[in-house]
There are 2 protein chains.
Amino acid sequence: MADGTSKKPSRIQMRNRSLILDAALDVFSAHGYRGATLDQIAEAAGLSKPNILYYFAGKEEIHVTLLNQLMETWLDPLVEMDASGDPMTELLDYVQRKLDMSRDLPRESRLFAGEILQGAPRMLPHLRADLKPLFDEKCAIIQAWMNEGKLAQVDPRHLVFSIWATTQHYADFDTQVRTLLDDDPHDSAARFLDQMYRSLLAP
Amino acid sequence: MADGTSKKPSRIQMRNRSLILDAALDVFSAHGYRGATLDQIAEAAGLSKPNILYYFAGKEEIHVTLLNQLMETWLDPLVEMDASGDPMTELLDYVQRKLDMSRDLPRESRLFAGEILQGAPRMLPHLRADLKPLFDEKCAIIQAWMNEGKLAQVDPRHLVFSIWATTQHYADFDTQVRTLLDDDPHDSAARFLDQMYRSLLAP
DNA sequence: TCGTAGCTTTACCAATTGGTCAAAAAGTGA
DNA sequence: TCACTTTTTGACCAATTGGTAAAGCTACGA
């Protein structure tokens, strides 16, 4: 069988599982959990529905697997923010990394947004266990930078929220952005956000 | 019948239609369009399912009605931004009005976010017809203010995006915000955003 | 008070959808 | 080639869900 209890996954298993997960990311991010159907996922993956269920116990397990994988990717840019670096550079780089993620991983951003929007029914434990400690740690670092006079004094928590909000906006509200803008927003957004956080954080 | 073609809606019609719409706003904003069921809406409204369908032609019509009503409310704070007022005051007041809306109308915010997140299948026409002209008009006003030297030069379009993103974040990502913060974020968010846009826009 | 229009409910459908099962097909090592 | 395991499929099922039909109830003006 294809349960995780056995040892080595075969090459076919590796290929099909990632085929399924990629298709599911498409479908879940486009239609939400309830809006997505196993048939859609199966078709997008090029496999039959029962075959999907040979590799995953059910729809929810696929969703949870995606969410788990996502969490690591999602936190990575914040993890990289280094207490020993130059504060302004570290923060502005963080903003750019998050903005790049919105451009490069819009499906992941929307999957995450959809999950939080509905009250994070399958991700609250992750938020508490993984995100919260990291958030507190990095807020403390930012606060320390401010106390040293390297940055202007602002509320670090809302600073981080604003970075998340402004950068993810370009993935999550892409439809709206594209309706209102003619050209690709990435470069002009990068310049704007750099300018905004530079002026806010200049000591 | 209860179709819109006849004349005066009775008092019962008024009451039940708003009962249904309020219940539907609860359910749609909490679970998304596909995630919401007529049974849930019916129960939340205290009416039977066929009775719901006596007042609305179907699930989609309820959703569209909500979206249409929402659009006006949603654009109102931006409409109020006045070209003849003091630029900095007008913009900072706009930020506060949007932030207040996130606190006072979180269901509406989430309904809107969910619709855009899924590609605005039922709202693209509205975005083009209502939002786009208003957006262009207000961006032109902001640009004029900057040209007069009343505000620092930034990209007005991304400025508006950032206001939307940062303020709606507190409604749409409420679950995440509440997981990371202990106290109510509204007042501290208001101070942070005031500080951020003041420093960004100071000429 | 009675007729009628407006409102509500009970019973029911048909389509969708997550999931099952047993058998067939395809690999795989000896 | 043969035995055996892994993978794939077609047929099927039960629950959910959007929606309908028709009968019953209620309010209200003449």
Side-chain angles (χ1 to χ4, degrees), chain A residues 1-28 30-67 114 118 121-122, chain B residues 1-28 30-67 114 118 121-122:
Chain A
M1 9 177 146
D3 59 34
T5 60
S6 347
K7 38 243 155 167
K8 311 277 174 175
S10 73
R11 224 148 303 122
I12 287 185
Q13 270 179 47
M14 299 278 284
R15 178 176 57 90
N16 283 352
R17 279 185 66 98
S18 82
L19 231 45
I20 292 168
L21 288 174
D22 188 73
L25 180 55
D26 265 358
V27 178
F28 280 132
H31 305 292
Y33 179 75
R34 281 279 324 254
T37 71
L38 284 178
D39 294 280
Q40 285 175 300
I41 296 172
E43 193 192 328
L47 300 173
S48 68
K49 183 167 65 172
N51 206 5
I52 300 277
L53 293 165
Y54 173 73
Y55 291 100
F56 290 91
K59 182 183 180 182
E60 177 146 1
E61 192 184 286
I62 302 177
H63 195 239
V64 168
T65 303
L66 280 176
L67 255 20
Q118 317 226 325
R122 294 165 240 279
Chain B
M1 12 178 144
D3 59 34
T5 62
S6 349
K7 42 249 151 161
K8 312 276 174 176
S10 74
R11 225 146 303 124
I12 286 184
Q13 268 179 53
M14 299 278 283
R15 179 177 56 90
N16 282 352
R17 278 184 68 97
S18 81
L19 229 45
I20 292 167
L21 288 174
D22 189 72
L25 181 55
D26 265 358
V27 178
F28 280 133
H31 306 292
Y33 179 75
R34 282 279 322 257
T37 71
L38 285 178
D39 293 278
Q40 285 174 301
I41 296 172
E43 193 192 330
L47 300 171
S48 67
K49 183 168 65 174
N51 206 4
I52 300 276
L53 293 166
Y54 174 74
Y55 291 101
F56 291 91
K59 182 183 179 181
E60 178 147 2
E61 193 184 284
I62 302 177
H63 195 240
V64 168
T65 303
L66 280 175
L67 254 23
Q118 317 227 323
R122 294 165 241 277

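Throughout, protein chains are lettered first and strands after them, A, B, ... in sequence-line order, and every chain is numbered starting at 1. All of these numbers come straight from a predicted model, not from anything done at the bench.
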### Message
Please determine whether the number of non-hydrogen atoms from other residues, nucleotides or ligands lying under 6.0 Å from atom CD of B:Glu61 exceeds 12.
### Response
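Above 12, so yes.
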
Write down the atom of [X], the atom of [Y], and the distance for their closest heavy-atom approach.
X: B:Leu53; Y: B:Gly58; result: CD2-CA, 3.8 Å
X: B:Gln13; Y: B:Tyr55; result: CG-CE2, 3.7 Å
X: B:Ala24; Y: B:Ile62; result: CB-CG2, 3.4 Å
X: A:Ala45; Y: A:Ile52; result: CB-CD1, 4.4 Å

Please give, in whole Å, the distance from [N] [atom2] to [X] [atom1]?
X: B:Lys59; N: D:dG18; atom1: NZ; atom2: C1'; answer: 8 Å
X: A:Ile62; N: C:dG19; atom1: CD1; atom2: C1'; answer: 12 Å
X: B:Leu53; N: C:dG6; atom1: CG; atom2: P; answer: 19 Å
X: A:Arg11; N: C:dG27; atom1: CZ; atom2: C1'; answer: 12 Å
X: A:Ile20; N: D:dT7; atom1: CD1; atom2: P; answer: 11 Å

### Task
Report the end-to-end axis angle of the helix from C:dT1-D:dA30 to C:dA30-D:dT1; each axis comes from five terminal pairs, and the value is rounded to 10°.
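The value is 10°.
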
### Task
Would you jot down, in residue-number order, the residues of residues 30-41 of chain B having a non-hydrogen atom under 4.0 Å from DNA chain D?
B:Ala36, B:Thr37, B:Leu38

### Task
Could you check if a side-chain atom of A:Gln118 sits within less than 4.5 angstrom of a side-chain atom of A:Arg34, using non-hydrogen atoms only?
no

### Task
Check whether any side-chain heavy atom of B:Asn51 sits under 4.5 Å from a side-chain heavy atom of B:Ile20, and report yes or no.
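A side-chain contact is absent here, since even the closest heavy-atom pair is not under 4.5 Å.
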
So, taking the atom named [atom1] in [X] and the one named [atom2] in [Y], what distance separates them when rounded to the nearest 0.5 Å?
X: A:Lys59; Y: A:Leu38; atom1: NZ; atom2: CG; result: 6.5 Å
X: A:Asp22; Y: A:Arg17; atom1: CG; atom2: CZ; result: 14.0 Å
X: B:Ile41; Y: B:Leu21; atom1: CD1; atom2: CG; result: 9.5 Å

Under 3.5 Å between N/O atoms: give me all the protein pairs with nucleotides 8-15 of chain C, atom names plus distance.
{"from": "C:dT8", "atom 1": "OP1", "to": "B:Asn16", "atom 2": "ND2", "distance (Å)": "3.4"}
{"from": "C:dT8", "atom 1": "OP2", "to": "B:Asn16", "atom 2": "ND2", "distance (Å)": "3.0"}
{"from": "C:dT8", "atom 1": "OP2", "to": "B:Asn51", "atom 2": "OD1", "distance (Å)": "3.3"}
{"from": "C:dT8", "atom 1": "OP2", "to": "B:Asn51", "atom 2": "ND2", "distance (Å)": "3.2"}
{"from": "C:dT8", "atom 1": "OP2", "to": "B:Tyr55", "atom 2": "OH", "distance (Å)": "2.6"}
{"from": "C:dT8", "atom 1": "O5'", "to": "B:Asn51", "atom 2": "ND2", "distance (Å)": "3.2"}
{"from": "C:dT9", "atom 1": "OP2", "to": "B:Ser48", "atom 2": "OG", "distance (Å)": "3.2"}

### Any A:Gln13 side-chain N or O less than 4.0 Å from OP1/OP2 of D:dT6
no

### Query
Using 30° and 60° as the class limits, which term best fits the ring planes of A:His63 and A:Tyr33: parallel, tilted or perpendicular?
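Plane angle between 30° and 60°, so tilted.
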
